[in-house]
Amino acid sequence: MKNKDEKGFAVTDIAISIIIITIFIAMIANLIVNINLNSKDTERKTQATSYAIQEVEKIKLQGIDTYIGKGIEEQYIIEEDIMNSENDFSGFHKKIIIEDYVLLKQDETKKQDVVKKATIEISYKVGNKEKNVVLVTYLAKEG
């Protein structure tokens, strides 16, 4: 009997190699997708924070006089979609809640329209998840 020289690869060796390569490719693809999603989430959160800061600036610029009589009995709520510069939907939604200090404390000795609490919530979607950024500011009557 002659022994053959075993040259080349067996079918099982090739199958195992293909399986291992496929697993590594799947892991790398999953890693790339997660990095991309996290990057998009960070970008959207930054933009939402920017919108929220702009709303706080607008509210502070308008002053408490704009909201006199609002938010005393119940929350005064403003909700709308945020449009981009081309007047298209930007993917962000804002909700502004104005509450009077009387509503917050429910104390008989407090005066109406002296202090207002403004809560700004900017919501957006990343993937199939709803996320939001919330900022709170207070307006006070001077003097």
Side-chain angles (χ1 to χ4, degrees), residues 4-143:
K4 286 186 175 179
D5 286 338
E6 293 186 21
K7 292 184 179 179
F9 297 104
V11 174
T12 55
D13 293 339
I14 294 173
I16 291 172
S17 298
I18 290 174
I19 290 171
I20 290 173
I21 289 171
T22 304
I23 290 172
F24 280 126
I25 289 174
M27 288 172 45
I28 291 171
N30 189 27
L31 183 64
I32 289 171
V33 168
N34 283 337
I35 288 171
N36 190 23
L37 193 59
N38 285 339
S39 173
K40 189 59 123 173
D41 182 28
T42 302
E43 181 183 324
R44 304 272 294 162
K45 187 173 187 175
T46 302
Q47 186 64 42
T49 303
S50 175
Y51 284 136
I53 290 170
Q54 288 175 14
E55 290 302 321
V56 167
E57 299 280 329
K58 283 182 197 174
I59 289 170
K60 291 219 176 221
L61 188 62
Q62 291 171 344
I64 194 169
D65 293 335
T66 305
Y67 302 102
I68 294 294
K70 296 177 181 170
I72 295 171
E73 298 295 323
E74 59 183 29
Q75 296 176 336
Y76 174 69
I77 299 175
I78 303 167
E79 282 191 80
E80 58 188 36
D81 293 328
I82 297 175
M83 301 303 196
N84 61 20
S85 58
E86 290 83 35
N87 222 10
D88 296 328
F89 178 57
S90 65
F92 295 90
H93 181 78
K94 73 178 173 183
K95 181 178 183 180
I96 301 172
I97 302 169
I98 305 294
E99 298 173 277
D100 196 276
Y101 187 66
V102 173
L103 180 62
L104 295 174
K105 293 295 180 180
Q106 294 297 324
D107 187 349
E108 299 297 325
T109 61
K110 304 295 181 197
K111 292 184 179 180
Q112 297 179 165
D113 294 324
V114 176
V115 177
K116 302 276 186 182
K117 175 184 173 186
T119 305
I120 296 89
E121 179 180 322
I122 307 294
S123 58
Y124 59 97
K125 280 192 170 190
V126 174
N128 59 357
K129 293 183 181 176
E130 179 90 17
K131 299 201 172 194
N132 58 34
V133 171
V134 178
L135 293 181
V136 176
T137 189
Y138 290 89
L139 303 169
K141 196 169 221 170
E142 295 181 25

Any idea which heavy atoms bring N84 and F89 closest together, and the distance?
-> ND2-O, 4.5 Å

Closest non-hydrogen atoms of Q75 and I97, given as atom of the first, atom of the second and distance, are CD-CG2, 3.6 Å

Side-chain heavy atoms of K70 within contact of D100, under 4.5 Å = no

For T66 and Q62, work out which heavy atoms get closest and say how close.
-> OG1-O, 3.2 Å

Check residues 41-49 and write down every donor-acceptor pair under 3.5 Å in which the side-chain atom is one partner and the other belongs to a residue at least two apart or another chain.
from: D41; atom 1: OD2; to: K131; atom 2: NZ; distance (Å): 3.1
from: T42; atom 1: OG1; to: N38; atom 2: O; distance (Å): 2.9
from: R44; atom 1: NH2; to: G91; atom 2: O; distance (Å): 3.2
from: T46; atom 1: OG1; to: T42; atom 2: O; distance (Å): 2.8
from: T49; atom 1: OG1; to: K45; atom 2: O; distance (Å): 2.8

Nearest heavy-atom contact between G69 and K116 is N-NZ, 4.1 Å

To the nearest 0.5 Å, atom CG of N30 lies from atom CD1 of I25 at 13.5 Å

Heavy-atom nearest pair, A52 first then L135, reads CB-CD1, 3.5 Å

Could you walk me through whether V133 and Y51 pass side-chain contact (heavy atoms from CB on, under 4.5 Å), step by step?
-> CA-CA 9 Å; V133 171; Y51 284 136; over 6 Å; no

Could you state the interatomic distance from CD (E99) to OH (Y76), rounded to the nearest 0.5 Å?
-> 14.0 Å

Distance from L37 atom CG to I35 atom CD1, nearest 0.5 Å?
-> 11.0 Å

Give a yes or no on this: more than 12 heavy atoms of other residues, nucleotides or ligands lie within 6.0 Å of atom CZ of F24.
-> no

Below 4.5 Å, heavy atoms only, C-beta onward: do K141 and I68 meet side chain to side chain?
-> yes

OG1 on T137 to CD1 on I96, rounded to 0.5 Å = 11.5 Å

Do the side chains of I120 and I59 get nearer than 4.5 Å, heavy atoms only?
-> yes

According to the salt bridge (charged side-chain N to carboxylate O under 4.0 Å, His left out) rule, which pairs have a member within residues 84-97, sequence neighbours left out?
-> E55-K94, E80-K94

